[in-house]
Amino acid sequence: METSHGMSSADGGYEVVAAEHLPAKVGQKVEVRGWLYNRRSSGKLHFLEVRDGTSIVQAVAYGPDLEKTHPGLFEKLGALPQESSLIIRGAVKASPKQALGVEIGLEAAEIVAVAEPYPITKKEHSPEFLLERRHLWIRSKMQHATLRIRARIIKAIRDFFDERGFLCVDSPIFTPSACEGTTDLFEVDYLEDTKAYLSQSGQLYAEASAMAFGKVYCFGPTFRAEKSKTRRHLREFWMVEPEMAYATLDDVMVLMEELIVFIVAAVLKDRRPELAVLERDVKKLEAIQRPFPRLHYSDAVELLKKKGLPFEWGGDFGAPDEATISGEYDRPVLVHRFPAAIKAFYAKRDPQDDRLALGCDCLAPEGYGEIIGGGERATDIAFLEKMIAEHKLPKEAFEWYLDLRRYGSVPHAGFGLGVERTTAWICGTHHVRECIPYPRMLYRIVP
RNA sequence: UCCCUGAUAGCUCAAUGGUAGAGCAUCCGGCUGUUAACCGGAGGGUUGUAGGUUCGAGUCCUACUCGGGGAGCCA
């Protein structure tokens, strides 16, 4: 019999079942393959918490009974170190005290590998200790919950765009030069005598893809070599970047709202147990409905001044500014029409006010800061050539990009959403480093 | 790059300038319903590195190394 693990059941009569599906198997004989998560014992009883990757199930072994059928096994189970791998077999029965709602009455067990003393214990550990052992840390409950929610967010993002007629057209990771030239890039050797840079944004390519396919998105890792050292920064993170031909700033602002509402709804629908593990206040997520508040940059500046922050028109928002603005609302806020001087060279100017760019940032609630940045792109080639010169960018490197304006330029717009920041907000996680399986951080690339 | 902060048992932490301690983990023993299970016992240390002050330094001073938090920039 084929199983979800791709292995056939070794013992007739026991169906191999993923722990998460055990509640539907009450009264049946099952086999669970996993690792010993924790054990409690009271002499003739062992309570074995076994995790199989999908969930954790408690198996109860009664010494005298087990001794009759499998002599010596009970004692071995009582001495089995945490994270030893084992296969358990037994009958599923309802157990309201268990988080899963069921437990297994142990009838047989196979110890696959006895683990060495496991470094991550039930007590607290420092971030340094855990990050050093990220490859083991991801076995624990909260990391499991966070990464399962992250995976659901990623699926929601793809479903959202696929269902709305966007084509997935990925941008390259090796790029010949800076996309924006404003931030530091990771330089790598690209075979002989050639340097390449790891992508810090797929956007310029997404614009080309949009001119080819209309509505597109790219989704991949992004690399920033800035020496940022905060709970909102990673060297390597994932970003989805939709781009639409014949679209305006207003169109992408609606798209931002719809995407975020869609993601939150998907997590609320399918990841309630994980949110509970993380002790997330679900009411705050349930409040995430359209429409989101919209704030003109100049109004945001007024708000900050009214709140007593030393902010001058023309500047970019710092972390305290973002927190103050988003603190006014119970859902993400869209701040639009920033000064062009603080935005990228390709941003389209506001026809109503030439000092402004038709851009929009989405600030997550509860102080999680910017999760989206985007806007409408400049269409006029002469304007772009002027901006490239002003930003002191090498024009040759952008000739292909200027071709998009030479051959059928159209109004278009798009944005980028950061997966880890979104995950941190939805999970209520303090630091984005827990929102990616293997974080790449300033001064830490291990494991 | 700048500011703040930390490094003591495997882990998390304590110790007025005067014999280095606890909880957990580990090992041994006990317990039929545990939920970070609990109870009893045992082993476990060149106090990050180098130098200095002192009769005496985990503690005070200097430098270095490696972390953590934050700023700027950004998603």
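All figures in this text were calculated on a predicted structure; none of them were measured in a lab. Chain letters run A, B, ... following the sequence lines, proteins first, then strands; residues in each count from 1.
Geometrically, A/R164 engages A/F262 in a cation-pi contact, judged by NZ or CZ lying under 6.0 Å from the ring centre and within 45° of the ring axis. The cationic atom of A/R134 (NZ for Lys, CZ for Arg) lies less than 6.0 Å from the six-membered ring centre of A/W137 and within 45° of the ring axis. With A/F292 as the aromatic partner, A/R290 does not meet the cation-pi criteria of under 6.0 angstrom to the ring centre and within 45 degrees of the ring axis.
If you check B/rG72, B/rG68, B/rA36 against the side chain of A/R433, the one that comes closest is B/rG68. Taking the side chain of A/H431 as heavy atoms from C-beta on, and the options B/rG69, B/rA75, B/rG33, the nearest nucleotide is B/rG69. When the nucleotides B/rG68, B/rU34, B/rG72 are ranked by their closest atom to the side chain of A/L131, B/rG68 comes out on top. Residue A/R224 has its side chain nearest to B/rC74 when only B/rG68, B/rA71, B/rC74 are considered. With B/rC31, B/rG68, B/rA75 as the candidates, the nucleotide lying closest to the side chain of A/K229 is B/rG68. Proximity note for A/S42 (side chain, C-beta onward) versus B/rA36, B/rC74, B/rG33: the nearest is B/rG33.
Applying the Watson-Crick and G-U wobble criteria (two distances, each under 3.5 Å), B/rA50 pairs with B/rU62. Pairing for B/rC38 is with B/rG30, a Watson-Crick or G-U wobble pair whose two hydrogen-bonding atom distances lie under 3.5 Å. With both pairing distances under 3.5 Å, B/rC74 is matched to nothing as a Watson-Crick or G-U wobble pair. If you check B/rC24 for Watson-Crick or wobble pairing at under 3.5 angstrom, you find it paired to B/rG10.
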#### Entry: Audit row: A/E274, A/K141, salt bridge (charged side-chain N to carboxylate O under 4.0 Å, His left out) steps and yes/no
CA-CA 9 Å; A/E274 285 80 3; A/K141 272 183 196 168; over 6 Å; no

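With both ends at atom C1', the span from B/rC11 to B/rA36 equals 14 Å, rounded to whole Å. Remark: the separation of the P atoms in B/rA50 and B/rA75 is 46 Å, to the nearest Å. Between B/rU12 and B/rG6, the distance separating the two C1' atoms is 14 Å to the nearest Å. Taking the C1' atoms as reference points, B/rU47 lies 11 Å from B/rA15, given to the whole Å. The separation of B/rC73 from B/rU16, taken at their C1' atoms, amounts to 46 Å, rounded to a whole angstrom. Nucleotides B/rC38 and B/rG70, compared at atom C1', are 43 Å apart to the nearest Å. The gap from the C1' atom of B/rG43 to that of B/rG10 amounts to 13 Å, rounded to the nearest Å. Distance check on atom C1': B/rG52 versus B/rG44 gives 32 Å, rounded to whole Å.
Residues A/Y401 and A/Y205 keep their aromatic ring centres 6.0 Å or farther apart. In this structure, A/F74 has its ring center under 6.0 Å from that of A/H46.
For A/L234 and B/rC73, the CG to P distance is 19 Å, given to the nearest whole Å. Rounded to whole angstrom, the span from the CG atom of A/L48 across to the P atom of B/rG33 amounts to 16 Å. When the P atom of B/rC31 is taken as reference, atom CG of A/L45 falls 12 Å away, rounded to whole Å.
Counting distance only, with no hydrogens placed and no angle test, the side-chain atoms of A/E132 and the base atoms of B/rG67 include no donor-acceptor pair under 3.5 Å. For a distance-only test at 3.5 Å, the side chain of A/R40 fails to qualify as a donor-acceptor partner of the base of B/rC31.
Using cut-offs of 30° and 60° for the angle between ring planes, the A/F415 and A/F161 rings count as tilted. Between A/H125 and A/F129, the ring planes lie parallel to each other; the angle is under 30°, not in the 30° to 60° tilted range.
With the nearest nucleotide of RNA chain B identified for both A/P81 and A/K97, A/P81 has the one nearer the 5' end. Projected onto RNA chain B by closest heavy-atom contact, A/S95 and A/H233 fall at different nucleotides, the more 5' of which corresponds to A/S95.
For the pair A/R231 and B/rA75, the criterion of a side-chain N or O lying under 4.0 Å from OP1 or OP2 is not met.
Once the 5.5 Å centre distance and the 30° plane angle are applied, the aromatic ring of A/F237 is found stacked with the base of B/rA75.
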Please enumerate all protein N or O atoms sitting under 3.5 Å from an N or O of nucleotides 9-11 of chain B, with distances to 0.1 Å.
residue	atom	partner	partner atom	Å
B/rC11	O2'	A/E124	O	3.2
B/rC11	O2'	A/H125	ND1	2.6

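Here the closest heavy-atom approach between residue A/S171 and residue A/G202 is recorded as OG-O, 2.8 Å.
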